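Here's the structure, in structure tokens; my notes come after.
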Amino acid sequence: MIFSGSSEMKSQLEAAFDLEPSAAMFKETEHLYQRANRVIPEADWLARAPYIKAINDLKAEKDAVVLAHNYMTPDIYHGVADIVGDSLQLAIEATKVKQSTIIQGGVHFMAETSKILSPEKTVLIPDRKAGCSLAESITAADIEMMRAQYPGAKVVSYVNTTAEVKAASDICCTSSNAAKIVDAQEGDLVIMTPDGHLAQNVAKQTKKKIVYWEGACMVHIEFKADELREYRKYEPDALIIGHPECPTDVIDECDFSGSTAGMIDYVRKNKPEKVLLITECSMGSNIANEVPEVNFLGPCNLCPHMQKITLENILWSLHTGEGAVEVEEKLAAKARLAVQRMIDLK
Ligand code: 13P
Ligand code: SF4
């Protein structure tokens, strides 16, 4: 395994834990490997097994739980995650878990959402630089500017935003409930931020007029409608399912569109012989073992932010407590209102 942290971090971890790959360590984690052996070669698991064992032991010792997004790599998803899900599921779980520490397997806005919902808990993000092109595209001042432009319109902000932006919004949404949240707002006009593509996809499912911020997910805008038409030509039997952060012309080419959890459920239920998942490509790897009859065809776009979370930095964060997320309580209270309103409407 290529160590992604600094050499100082590596030597401190080696001094604190037995990180030497061994057959015994492999055996101890073999039940977890069974869930990922279609996508992780044995030699890779051998190198990862000591980290997986150390993290799982330390979680119990430190009363910690790993909440992992569906885009985490399969070693995290199957090796150390306690709860996996889409953004909405993870937000809901953050309000329910009993442990005193949450390790967020995901990006910074997800950890901030967990902290907003569970202020009494320690929430750790293993790499603070794990950001999001959507969250970075808008500020609270931008929201105020849109409010001034469209007086009286409710502001629905995607959870892929900072606490400041959530606090400046009326309510949050995720990709799994966006249309429902928009429909529930008073008035004929709704402001959606920051994902312009999600907003345009939602506009096709609602009678409300939507005005939107032109932010984009750097992963999903890479998919092109032409590319999908080419796949259709060569793989006419393949099912194409896409995430609503993709441009509308891409979603128009898809057989189904939904949140990451919605896409996973769709594959589980329909078990297509061939499928193209038009989303971050760790997701196909994560469910490959569960549905061995399904062939996952390309393309593969990875999120560089999600990829920043590794077994090494999870272990480091758990060991040292580094990466604690703080949200000032006055701001958190306002942001909580926007997230809680969404959870209440679910
Ligand atoms: P969901 O898991 O809520 O569909 O979100 C996708 C995403 O891009 C999260 O960063
Ligand atoms: Fe943000 Fe897109 Fe990465 Fe999700 S996949 S964290 S929306 S950049």
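In listed order, ligands and their atoms are each counted from 1. Computed from a predicted model, the values in this text were never measured in an experiment.
Within ligand 1, counting atoms from 1 as listed, the ones closer than 4.0 Å to a heavy atom of Met306 are 10 (O). Of all atoms in ligand 2, listed by their number and element, those nearer than 4.0 Å to a heavy atom of Glu245 are 2 (Fe), 7 (S). The distance from ligand 1 to the heavy atoms of Asp86 drops below 4.0 Å at these ligand atoms: 1 (P), 2 (O), 3 (O). Atom numbering of ligand 1 starts at 1 in the shown order; those under 4.0 Å from a heavy atom of Ser175 are 1 (P), 3 (O), 4 (O). Those atoms of ligand 1 that come under 4.0 Å of a heavy atom in Met110, given as number and element, are 9 (C), 10 (O). Shown in contact with Ser259 at under 4.0 Å from a heavy atom are these atoms of ligand 1, numbered in order with element: 4 (O). Less than 4.0 angstrom separates some heavy atom of Tyr71 from each of these atoms of ligand 1: 6 (C), 7 (C), 8 (O).
Of the charged side-chain nitrogens involved, none lies within less than 4.0 Å of a carboxylate oxygen, so that Glu293 and Lys274 do not count as a salt-bridged pair. Under the 4.0 Å criterion applied to side-chain N and carboxylate O atoms, Lys180 and Asp183 are not assigned as salt-bridge partners.
With Ile76 as the fixed residue, the side chain to side chain contact (heavy atoms under 4.5 Å, CB included) test singles out one of Ile52, Ile55, Leu311: Leu311. Shown are Lys271, Arg38, Arg35, Arg268; of these, the side chain to side chain contact (heavy atoms under 4.5 Å, CB included) with Glu290 is made only by Arg268.
Ligand 1 has an N or O atom lying under 3.5 Å from an N or O atom of Glu245, backbone or side chain. Residue Asn70 has no N or O atom closer than 3.5 Å to an N or O atom of ligand 1. Considering both main-chain and side-chain atoms, His220 never comes within under 3.5 Å of ligand 1 through any nitrogen or oxygen pair.
Side-chain contact check for Asn201 and Thr248: no donor-acceptor pair (N or O, by modelled atom type) lies under 3.5 Å. Side chains of Ser169 and Ser157: a donor-acceptor N/O pair is present below 3.5 angstrom, by distance only. Between the side chains of Glu253 and Tyr231, no donor N or O sits under 3.5 Å from an acceptor N or O. Of the N and O atoms on the side chains of Glu93 and Gln89, not one donor lies less than 3.5 Å from an acceptor on the other residue. For the residue pair Lys59 / Asn56, a side-chain donor-acceptor distance below 3.5 Å is found, with atom types taken as modelled.
With a 4.0 Å cut-off on non-hydrogen atoms, Asn160 touches ligand 1 through its side chain and not its backbone.
If you check the gamma sulfurs of Cys281 and Cys300, they are less than 2.5 Å from each other.
Looking from atom 7 (S) of ligand 2 to the surrounding protein, the closest heavy atom is Asn160 ND2, 3.2 Å. Nearest protein heavy-atom contact of atom 3 (O) of ligand 1 is Ser87 OG, 2.8 Å.
The ring of Phe17 has its center no closer than 6.0 angstrom to the ring center of Tyr51.
At least one heavy atom of His243 sits under 4.0 Å from some atom of ligand 1. Judged by the shortest distance from any of its heavy atoms, Glu280 lies outside the 4.0 Å radius around the atoms of ligand 1.
One N or O on the side chain of Asp170 and one on the backbone of Val155 form a donor-acceptor pair closer than 3.5 Å.
By the disulfide bond (SG atoms under 2.5 Å apart) test, Cys303 pairs with no residue at all, sequence neighbours left out.
At a cut-off of 2.8 Å, measuring from atom 3 (Fe) of ligand 2, the protein N, O or S atoms that fall short of it are Cys303 SG, waters left aside.
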